[in-house]
Protein chains: 2
Amino acid sequence: MEQQQAFLDSLSTLLDKINWLDHAVLAEQLADFKPAEVHTIAFIGGHQDANVTAIANGLYVTRGAVSKMTRRLITRDLISRYQNPDNQKEVYFRLTSKGEAVRATHARLHQQFNQRDAPVFEQADPEQLQQTLAFLNAYNQFLDQQISRDKTIES
Amino acid sequence: MEQQQAFLDSLSTLLDKINWLDHAVLAEQLADFKPAEVHTIAFIGGHQDANVTAIANGLYVTRGAVSKMTRRLITRDLISRYQNPDNQKEVYFRLTSKGEAVRATHARLHQQFNQRDAPVFEQADPEQLQQTLAFLNAYNQFLDQQISRDKTIES
DNA sequence: CACGTTTTGTTTCCTTGTCAACAAAAAAGA
DNA sequence: TCTTTTTTGTTGACAAGGAAACAAAACGTG
């Protein structure tokens with residue numbers, strides 16, 4: 001049990017630190033764009049025909065949040081909105097050329113972040129790394145089960 | 001490099017899912033309290049003589065955020081504020097009995113969350129678990145170095 | 001001690017997100 | 001087909017936090 005708590009604490013602070021470091025660079029290199037804007041642009045750039053619901057699920061935010069964010073990105077000419085002729089309900093998004101430029105910069109910075117942390121992965125025992133990935137996968141699968149079980153109970 | 005990215009993705013979505021599941025229970029069992037309120041109460045309950053700066057560092061938020069939150073918690077009679085006679089600058093906090101009750105409920109729910117995920121830890125190879133914790137520790141230490149290096153460069 | 005520097009806490013404005021209520025479209029079922 | 005249910009996107013009120021500017025207290029050093 002203490003091990004379990006230690007794991008979770010380790011995990012949360014790890015991500016807190018990474019975000020802290022990344023954020024400083026992002027704020028400087030993509031100064032004209034808010035973090036959430038870049039985040040959404042990156043997702044749309046990586047997922048063809050993404051609609052509001054898909055983006056919300058992918059970013060783990062509500063549809064309301066996505067609806068507002070996409071509206072802003074459209075007015076800033078970073079994404080464009082389109083629909084399927086035989087579906088008047090769903091709304092899809094794609095990047096404009098301006099949005100694509102942001103996505104490219106973001107991808108470059110991400111590689112830079114990876115390089116920053118690369119030593120940790122190079123110095124680690126490959127076996128240890130493998131074991132870690134395996135455990136994270138197992139945990140993720142377990143949580144997926146829990147979530148789908150929750151959803152069926154709710155109904 | 002793909003391994004590194006896989007690791008980070010795995011990690012982020014893992015925490016997203018845990019938060020999702022926890023949040024549903026918290027919202028129901030501690031309906032009168034916002035997540036951030038409970039979070040702050042838990043920290044103060046676990047750290048004697050916590051001042052604004054200490055809480056901010058511990059929760060990875062700004063002092064401004066803590067200042068606002070503590071003000072609210074005081075008006076809701078969940079914490080109380082006190083100072084040291086020989087220091088007119090720092091402000092410390094402790095839980096009221098009402099706050100203590102919230103902390104206790106929160107602790108109980110946390111145990112419940114741990115029990116929910118216990119199977120993952122029980123079924124995992126102890127060696128695998130050990131390796132995972134070791135890797136997380138190594139990564140955390142590396143980031144601590146990076147952060148302190150950043151701070152010295154800034155100056 | 002006195003003066004400049006640092007630390008601490010607060011406040012204001014802005015960004016981001018949730019929740020809940022809603023309307024319109026699509027899907028499901030009788 | 002017609003009706004009911006579900007899905008999808010939007011909006012408004014509000015919660016939460018960050019950044020920057022600020023005042024007051026504490027510290028450091030000549």
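Each chain gets a letter, A, B and so on, in the order the sequences are listed, and its residues count up from 1.
Taking only side-chain atoms of A:V61, from C-beta outward, the nucleotide of C:dG17, D:dG18, D:dG9 with the closest atom is C:dG17. Out of C:dT16, C:dT8, C:dC19, the shortest distance to the side chain of A:A36 is found at C:dT16. Side-chain proximity of A:S67 to D:dA13, D:dT10, C:dT16: nearest is D:dT10. If you check C:dT7, C:dT12, D:dA16 against the side chain of B:K89, the one that comes closest is C:dT7. With D:dT11, D:dG17, D:dA15 as the choices, the nucleotide that has an atom nearest any side-chain atom of B:R72 turns out to be D:dA15.
Geometrically, B:R81 does not engage B:Y92 in a cation-pi contact defined by less than 6.0 Å to the ring centre and at most 45° from the axis.
Counting non-hydrogen atoms under 4.0 angstrom, A:Y60 reaches the backbone sugars and phosphates but no base.
DNA chain D is contacted by both B:N87 and A:V52; A:V52 maps to the nucleotide lying nearer its 5′ end (nearest heavy atom per residue).
Within the 4.0 Å cut-off from OP1 or OP2 of C:dG17, not a single side-chain nitrogen or oxygen of A:T62 is found. Applying the 4.0 Å criterion to OP1 and OP2 of C:dT7, one finds that B:T53 has every side-chain N and O outside that range. Contact annotation: B:R63 does not reach the phosphate of D:dA20 (side-chain N/O to OP1 or OP2, under 4.0 Å). The phosphate of C:dG9 (OP1 or OP2) has a side-chain N or O of B:N51 nearer than 4.0 angstrom. The side chain of A:R71 places no N or O atom within less than 4.0 Å of a non-bridging phosphate oxygen (OP1 or OP2) of D:dG9.
Below the 3.5 angstrom threshold, one finds a donor paired with an acceptor across the side chain of A:K68 and the base of D:dG12.
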